[in-house]
Q: 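Here it is, the structure, as structure tokens.
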Amino acid sequence: MRIRGVGRRRDCGGRTACAWAIAFAALHFYWALGGSWGLSVSAGPLAEERPGWFVVVGLWGVGLLCLVGGGLGWLLSMSLSRGLVGRVVRALGWCACALLLMRGVAVEVLLLTDAGGRGMDVSPEQRLWTLTLWNPWFLVGGLVFGLAARASGRAKTPKSGLA
């Protein structure tokens, strides 16, 4: 039995992670199907050339991976706190958190410090859009998956069984 309101905040974190991942999937599928809004400032020259490997791996592949992330977010919102399945889902949530945060921080540091020097093929417009629009969403996604993984590790059902 559940007590009213128990788990509501935890469910919100997982569902937010799910929504975040599905929004990213939709954007990548839009690009894979030929859409161009925002792609040139996100992918630079690859957006104009659209080589086959980029479309298959960078757009369709990342879109599918984002859908898997959406499923993970949904699982993090469920009551899977006990057992092997719950531990695996939490571990995957923490992995998603770490990867998104590392990607976000690494790109911010590279672009802000110009660690690549003048050899980086990044236009000033692409740098601005990446720093202010695209990249912060990776940081938000990492935080959301981390909060969802943390919340999913807590007991969601009362031990006393009171209604």
Side-chain angles (χ1 to χ4, degrees), residues 6-32 38-47 51 53-117 119-123 126-157:
V6 170
R8 211 173 285 243
R9 198 169 22 135
R10 292 179 187 97
D11 292 347
C12 181
R15 289 180 182 163
T16 303
C18 176
W20 178 93
I22 289 173
F24 260 64
L27 185 58
H28 281 82
F29 292 146
Y30 163 75
W31 289 333
L39 184 60
S40 63
V41 293
S42 176
L46 286 175
W53 67 266
F54 174 70
V55 174
V56 171
V57 176
L59 301 179
W60 286 110
V62 171
L64 290 173
L65 188 60
C66 288
L67 286 182
V68 170
L72 175 61
W74 189 259
L75 288 174
L76 286 167
S77 73
M78 299 174 73
S79 296
L80 301 171
S81 62
R82 295 189 184 115
L84 178 63
V85 173
R87 288 192 300 270
V88 169
V89 168
R90 260 189 314 285
L92 290 172
W94 284 116
C95 287
C97 166
L99 287 172
L100 289 167
L101 288 176
M102 284 189 310
R103 192 271 185 204
V105 169
V107 169
E108 289 288 324
V109 168
L110 283 173
L111 290 178
L112 286 173
T113 63
D114 197 16
M120 283 178 48
D121 193 20
V122 179
S123 70
Q126 186 181 1
R127 181 184 308 258
L128 175 68
W129 277 94
T130 298
L131 288 172
T132 59
L133 179 62
W134 299 120
N135 207 52
W137 287 106
F138 285 92
L139 300 172
V140 168
L143 292 174
V144 168
F145 271 97
L147 291 172
R150 181 174 179 256
S152 78
R154 297 180 180 167
K156 294 181 184 179
T157 56

Q: Can you give me the closest heavy-atom contact between I22 and L67, atom names plus distance?
A: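 Closest pair (atom of I22, atom of L67, distance): CG1-CD2, 4.5 Å.
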Q: Which distance, rounded to the nearest 0.5 Å, do you find between the CG of L59 and the CG of L27?
A: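 Output value for this atom pair is 9.5 Å.
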Q: Between F24 and C66, which heavy-atom pair has the shortest distance, and what is it?
A: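 Heavy-atom minimum between the residues: CB-SG, 3.7 Å.
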Q: Return the set of residues passing ring-ring contact (aromatic ring centres under 6.0 Å, His included) with W137 (not counting sequence neighbours), or none when no residue passes.
A: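 Result, ring-ring contact (aromatic ring centres under 6.0 Å, His included) vs W137: none returned.
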Q: Using the side-chain contact (heavy atoms from CB on, under 4.5 Å) criterion, which residues pair with V57? Sequence neighbours excluded.
A: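 So V57 forms no side-chain contact (heavy atoms from CB on, under 4.5 Å) with any residue.
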Q: How close do A21 and G70 get, heavy atom to heavy atom, and via which atoms?
A: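 Of all heavy-atom pairs spanning A21 and G70, the closest is CB-N, 3.3 Å.
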Q: Could you report the tightest heavy-atom contact between G63 and A25, atom names first, then the distance?
A: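 Shortest heavy-atom contact: O-CB, 3.4 Å.
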Q: Of all residues at least two apart in sequence or in a different chain, which pass the ring-ring contact (aromatic ring centres under 6.0 Å, His included) check with F29?
A: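 Per chain and number, F29 pairs via ring-ring contact (aromatic ring centres under 6.0 Å, His included) with W60.
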Q: OG/S152 to CZ/R90 distance, rounded to the nearest 0.5 angstrom?
A: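 Between atom OG of S152 and atom CZ of R90 there are 5.0 Å.
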Q: Name all residues meeting the side-chain contact (heavy atoms from CB on, under 4.5 Å) criterion together with V89; count only those two or more places apart in sequence or in a different chain, and write none if there are none.
A: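 In terms of side-chain contact (heavy atoms from CB on, under 4.5 Å), with neighbours along the sequence ignored, V89 is linked to L72, L75, L76, L80, V85.
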Q: Please list, chain by chain and in numerical order, all residues satisfying side-chain contact (heavy atoms from CB on, under 4.5 Å) with W94, sequence neighbours excluded.
A: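 For W94, the residues satisfying side-chain contact (heavy atoms from CB on, under 4.5 Å) (neighbours in sequence not counted) are C97, A149, R150.
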Q: Give me the ring orientation class for H28 and W31: parallel if the planes are under 30° apart, tilted from 30 to 60°, perpendicular past 60°.
A: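 H28 vs W31 ring planes: perpendicular.
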Q: Using the rule given for side chain to side chain contact (heavy atoms under 4.5 Å, CB included), can you reason through F138 versus V107, listing the C-alpha separation, both sets of side-chain angles and the distance that settles it, and then say yes or no?
A: CA-CA 10 Å; F138 285 92; V107 169; over 6 Å; no
Q: Got a sec, which residues hit side-chain contact (heavy atoms from CB on, under 4.5 Å) with V88, two or more places apart in sequence or on another chain?
A: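 For V88, the residues satisfying side-chain contact (heavy atoms from CB on, under 4.5 Å) (neighbours in sequence not counted) are L84, L92.
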